[in-house]
Asks: 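Structure below; questions to follow.
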Amino acid sequence: MSAPSVQVQVFGVKKSAATRAAERFFKERKVKIHFVDLKERPIARGELARFVQKFGVNALLDTTGRAYEQSNLAYLRTTEEGVIARMIETPELLVMPLVRSGKHLSVGEDPDGWKAMLEG
């Protein structure tokens, strides 16, 4: 599979430096990007479930961010489903960006994972 035929979906927010890094990485390699701004359109539960299934909820949760601190998730007793619902509601709780190309997934700033997507 040649790189130009690869398409990636980038889930993130415009003000996220890591999201912009992902966009730049793929644009420099002339890869078609479908950007989903999570501020405008929440991630679909099924889409988020793919990332949860591969990486687990904790890997997707940005525990260093202000949104996490303000959400009190560290102190709440909640189910994985409850955390997922909050992630959909408050995208800033997610490690940005979530990137998908076919069955390949990556979380956060992951140039090695992005390169693997291009290699098929």
Side-chain angles (χ1 to χ4, degrees):
M1 187 189 279
S2 62
S5 66
V6 175
Q7 290 188 22
V8 296
Q9 243 180 330
V10 177
F11 299 91
V13 295
K14 285 187 168 72
K15 70 177 185 177
S16 158
T19 299
R20 289 193 309 269
E23 284 187 288
R24 192 170 44 253
F25 177 91
F26 290 111
K27 281 180 182 169
E28 286 171 355
R29 289 156 181 81
K30 297 181 176 28
V31 174
K32 186 170 172 41
I33 301 169
H34 177 71
F35 177 67
V36 179
D37 188 342
L38 298 176
K39 283 293 216 182
E40 294 173 10
R41 195 168 133 225
I43 191 166
R45 186 174 291 275
E47 189 69 59
L48 185 57
R50 286 183 183 148
F51 288 92
V52 170
Q53 189 175 11
K54 179 164 184 176
F55 300 104
V57 167
N58 291 338
L60 300 180
L61 202 53
D62 181 2
T63 56
T64 62
R66 197 167 59 219
Y68 182 77
E69 197 177 295
Q70 292 172 339
S71 73
N72 291 324
L73 273 175
Y75 310 104
L76 294 176
R77 288 180 186 263
T78 186
T79 62
E80 184 172 282
E81 196 53 46
V83 173
I84 290 169
R86 286 204 175 209
M87 289 173 163
I88 292 169
E89 220 171 83
T90 311
E92 295 85 0
L93 289 171
L94 291 165
V95 172
M96 303 281 177
L98 301 179
V99 181
R100 180 172 74 85
S101 178
K103 293 192 183 329
H104 297 280
L105 305 172
S106 77
V107 174
E109 198 160 346
D110 182 13
D112 292 336
W114 303 337
K115 282 180 191 152
M117 288 178 187
L118 300 181
E119 293 162 3

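For the numbers below, each heavy atom of this structure counts, side chains included, while hydrogens, waters and symmetry mates do not. These figures come from a predicted structure and were not determined experimentally.
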Asks: Quick one, Val10 with Val36, criterion side chain to side chain contact (heavy atoms under 4.5 Å, CB included). Give me CA distance, side-chain angles, the key distance, then yes/no.
Replies: CA-CA 6 Å; Val10 177; Val36 179; over 6 Å; no
Asks: Please enumerate all residues that pass side-chain hydrogen bond (donor to acceptor under 3.5 Å, both in side chains) together with Asp62, with sequence neighbours excluded.
Replies: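 Listed in chain order: Thr64.
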Asks: Is any side-chain heavy atom of Phe26 closer than 4.5 Å to one of Met117?
Replies: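 They are in contact (side-chain heavy atoms under 4.5 Å apart), so the answer is yes.
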Asks: Does the side chain of Pro97 come within less than 4.5 Å of Glu23's, by heavy atoms?
Replies: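 No - every pair of side-chain heavy atoms lies 4.5 Å or more apart.
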Asks: Do Val99 and Asp110 have side-chain heavy atoms sitting under 4.5 Å apart?
Replies: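 Of all side-chain heavy-atom pairs linking Asp110 with Val99, none is under 4.5 Å.
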Asks: What's the separation between atom OG in Ser16 and atom CZ in Phe11, rounded to the nearest 0.5 Å?
Replies: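 It is 14.5 Å, given to the nearest 0.5 Å.
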Asks: Where is the tightest heavy-atom contact between Leu93 and Ser71, given as atom of each residue plus distance?
Replies: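 Reported closest heavy-atom pair: CD2-OG, 3.9 Å.
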Asks: Would a 4.5 Å heavy-atom cut-off, applied to side chains only, mark Leu61 and Val95 as touching?
Replies: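 Leu61 vs Val95: side chains apart.
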Asks: Taking the side chain as C-beta and beyond, is there a heavy-atom pair between Val31 and Gln7 under 4.5 Å?
Replies: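 In short, these two side chains do not touch, never coming nearer than 4.5 Å.
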Asks: Taking Arg29 for the side chain and Phe25 for the main chain, is one N or O donor matched with an acceptor at less than 3.5 Å?
Replies: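 Side chain of Arg29 to backbone of Phe25: a pair is present.
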Asks: The criterion is side chain to side chain contact (heavy atoms under 4.5 Å, CB included); which residues satisfy it with Val52, sequence neighbours excluded?
Replies: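 Residues passing side chain to side chain contact (heavy atoms under 4.5 Å, CB included) with Val52: Leu48, Val57, Leu60, Glu80, Ile84.
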Asks: For Glu109 and Ala21, work out which heavy atoms get closest and say how close.
Replies: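 Shortest heavy-atom separation between Glu109 and Ala21 comes out as OE2-CB, 3.5 Å.
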Asks: Any link between Ile88 and Phe35 through a network of hydrophobic side chains (Ile, Leu, Val, Met, Phe, Trp, Tyr) touching at under 4.5 Å?
Replies: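 Result: no, two separate clusters.
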Asks: Nearest 0.5 Å please: distance from the CG atom of Leu73 over to the CE atom of Met87.
Replies: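 CE of Met87 is found 8.0 Å from CG of Leu73.
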Asks: Does Glu81 form a salt bridge (charged side-chain N to carboxylate O under 4.0 Å, His left out) with Arg45? I'd like the steps, not just the answer.
Replies: CA-CA 10 Å; Glu81 196 53 46; Arg45 186 174 291 275; 2.2 Å; yes
Asks: Would you check if Val8 and Lys32 make a side-chain contact, meaning some heavy-atom pair closer than 4.5 Å?
Replies: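 Result no, sub-4.5 Å side-chain heavy-atom pair not found.
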Asks: What closest approach, in Å, do Glu92 and Ala67 show between heavy atoms, and which atom pair accounts for it?
Replies: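 Looks like CB-CB, 3.5 Å.
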Asks: If you compare all heavy atoms of Pro91 against all heavy atoms of Glu89, which two are closest, and at what distance to 0.1 Å?
Replies: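 For Pro91 and Glu89, the tightest heavy-atom pair comes out as CD-O, 3.5 Å.
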Asks: In the structure I gave you, are the side-chain heavy atoms of Arg86 and Leu76 within less than 4.5 Å of one another anywhere?
Replies: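 Answer yes - side chains close enough.
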Asks: Can you list everything that forms a side-chain hydrogen bond (donor to acceptor under 3.5 Å, both in side chains) with Gln70? Sequence neighbours excluded, please.
Replies: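 Result, side-chain hydrogen bond (donor to acceptor under 3.5 Å, both in side chains) vs Gln70: none returned.
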